Amino acid sequence: MPVCLLVSEDDSHKPIQLHPQQPVTLGRGPQTKIKDKKCSREQVELRADCSRGFITVKQLGVNPTSVDDVVVGKDNQVTIKPGQRLYLVNQQYPYRVKFTEDTSTPRSAADLTTPSKRPHQMIREKIKSPANPASTPHTDHHRMSDHSPPPKKTLPSESDKSGSAGHWSQGLKVSMQDPKMQVYKDDRVVVIKDKYPKARYHWLVLPWDSISSLKALRSEHVELLKHMQRVGDQMVQQCPDAHKLSFRLGYHAIPSMSHVHLHVISQDFDSPCLKNKKHWNSFTTDYFVESQDVIAMLEHDGKVTVKDGTSELLKLPLRCCFCHKEQPTIPKLKEHLKTHLPS
DNA sequence: GTTCTAGAAC
DNA sequence: GTTCTAGAAC
């Protein structure tokens, strides 16, 4: 049976040995030499599964523990495998996990990048209730995977509402888990209504797999993205107004919210939640990247690149997406958009 | 991402 | 005076 070592990547102290299935609490203190008050004395609970080659990380502290660039969230747990990096708090204090036969002779750092059998990042419970069949588009259920939804919502403690687990940028991770928000789900994706819809119909398609943003996408995700687009298309098909509204499916080039999400949005932009220039330009300029373009880029280049200056697109003058006439203010734009609405 | 609000624009 | 935006705070 191999033993598991947690290796401080900045070499601040010697590796910590984790015994199989014995929970170890780690945080600020002499063992880690961490003095940062942002790091709780009991920041994480770690449990090594030596036979399967991963450790489970549960965030106990309020400030964010992360695996690579994905925040775990208070009371959430994820797995970490060799090759991944654990940051104890605030993207600081990096650790690698290492499985070895002999603790007395830890090998070089190169060994730490041993490829894992599967990119199985999050181990989570199965969802309790099935999707509402009435709102469920028909999809191919030809396979079941282990991409199960997470077990519970992330709730910041009453004493600290600014905890990063409850940080606004992590909101989608919470919403996608909430059965009340889900309008469709299968083994790979979940669909929720946008909490602040920018049009009459505005859904988000999210993969169960934790993919932080477009930047993290690789060729291996092509099939998943095609599936997300198919599900998005099906949401449009089942929409009662599909015959009179047009829809676009795409991604924000630089999203504010963590966790890759495909916008499926009707092109009326008739919504009180559409309030400012940023909202408008994020859906009507090249800041909005068509799903098919993302897929094509991934197939062609193996990654998604965002052009320089894309963030500047949000500051462009307000221009009607139908007749391209410039509008001086948001209220005027909204008034103008009514002239393009279907009768 | 939203909310709030100072001050710019009208 | 009111309307509206943009940036800070969350």
Side-chain angles (χ1 to χ4, degrees), chain A residues 38 61-64 66 69-74 76 89-91 150 153-178 180-183 190-207 210-216 228 248-266 269-289 306 309-320 325-338:
Chain A
K38 298 286 185 191
V62 287
N63 290 316
S66 44
D69 59 350
V70 179
V71 171
V72 177
K74 181 163 166 57
N76 280 345
V89 74
N90 291 333
Q91 290 292 145
K153 293 176 202 177
T154 296
L155 293 173
S157 63
E158 287 114 323
S159 58
D160 185 358
K161 291 193 168 61
S162 67
S164 278
H167 190 261
W168 57 261
S169 65
Q170 306 300 314
L172 291 180
K173 294 184 202 295
V174 177
S175 297
M176 65 185 275
Q177 297 162 27
D178 183 351
K180 292 192 289 293
M181 304 287 279
Q182 298 163 343
V183 293
V190 60
V191 182
I192 59 175
K193 286 186 185 180
D194 193 295
K195 199 171 172 184
Y196 299 91
K198 304 303 185 291
R200 290 179 185 175
Y201 299 95
H202 188 179
W203 295 285
L204 304 177
V205 184
L206 305 107
S210 184
I211 303 169
S212 59
S213 73
L214 293 185
K215 274 194 217 165
M228 287 168 67
R248 288 183 79 197
L249 281 68
Y251 300 83
H252 280 154
I254 308 165
S256 301
M257 307 292 280
S258 194
H259 203 109
V260 159
H261 51 285
L262 171 66
H263 290 270
V264 179
I265 182 167
S266 59
F269 298 111
D270 177 19
S271 164
C273 297
L274 197 154
K275 292 178 175 175
N276 59 45
K277 184 176 273 189
K278 182 175 174 177
H279 292 155
W280 178 253
N281 284 332
S282 73
F283 287 102
T284 61
T285 68
D286 287 344
Y287 196 92
F288 188 84
V289 189
V306 171
T310 297
S311 61
E312 299 305 305
L313 298 175
L314 296 178
K315 298 173 186 168
L316 287 173
L318 300 168
R319 200 170 282 284
C320 173
K325 190 169 183 289
E326 194 172 318
Q327 301 295 325
T329 65
I330 287 285
K332 294 269 167 55
L333 169 67
K334 295 190 129 194
E335 205 55 40
H336 172 84
L337 286 173
K338 289 181 185 170

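Treat the numbers as computed from the prediction; the structure is a model and nothing was measured. Below, chain A is the first sequence line, B the second, and so on; all start at residue 1.
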Answer with base, sugar-phosphate or nothing: what part of the nucleic acid does [X] contact at a heavy-atom distance below 4.0 Å?
X         : answer
Lys275(A) : sugar-phosphate
Lys332(A) : nothing
Thr329(A) : sugar-phosphate
Ile330(A) : sugar-phosphate

> Within a strict 4.5 Å, meaning less than it, do heavy atoms of the Leu313(A) and Asn281(A) side chains meet?
Replying inline: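 No, too far: nothing below the 4.5 Å cut-off.
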>> So Lys198(A) and Trp280(A), do their side chains get closer than 4.5 Å, heavy atoms only?
In response: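 Side chain of Trp280(A) against side chain of Lys198(A), heavy atoms only: no contact under 4.5 Å found.
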> side chain to side chain donor-acceptor pair (under 3.5 Å) with His202(A): which of Lys195(A), Lys193(A), His263(A)?
Replying inline: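 Single pass found, and it is His263(A).
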>> Counting Watson-Crick and G-U wobble pairs with both distances under 3.5 Å, what is the dot-bracket string for DNA chain C, 5' to 3', using [ ] for crossing pairs and | for pairs to another strand?
In response: ||||||||||
> Which nucleotide span of DNA chain B, 5' end to 3' end, has atoms closer than 4.0 Å to non-hydrogen atoms of chain A?
Replying inline: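 Contact boundaries, 5' end first: dG1(B) to dT3(B).
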> Who passes salt bridge (Lys or Arg N to Asp or Glu O under 4.0 Å) against Asp270(A), sequence neighbours left out?
Replying inline: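 Counting only residues at least two positions away or on another chain, Asp270(A) forms a salt bridge (Lys or Arg N to Asp or Glu O under 4.0 Å) with Arg200(A).
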>> Show the nearest heavy-atom pair for residues Ala253(A) and Val306(A), with the distance to one decimal.
In response: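 Closest heavy-atom pair between Ala253(A) and Val306(A): O-CG2, 3.7 Å.
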>> How about NZ on Lys38(A), more than 12 heavy atoms from neighbouring residues, nucleotides or ligands closer than 6.0 Å, or not?
In response: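 Open: at most 12 neighbouring heavy atoms sit under 6.0 Å from NZ of Lys38(A).
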>> Tell me whether Ser266(A) contacts the main-chain N or O of Ala199(A) through its side chain, where contact means a donor paired with an acceptor under 3.5 Å.
In response: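 No.
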> Counting N and O atoms only, with roles assigned by atom type, does the side chain of His261(A) sit under 3.5 Å from a partner on the main chain of Val191(A), one being a donor and the other an acceptor?
Replying inline: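 Checked: no pair found.
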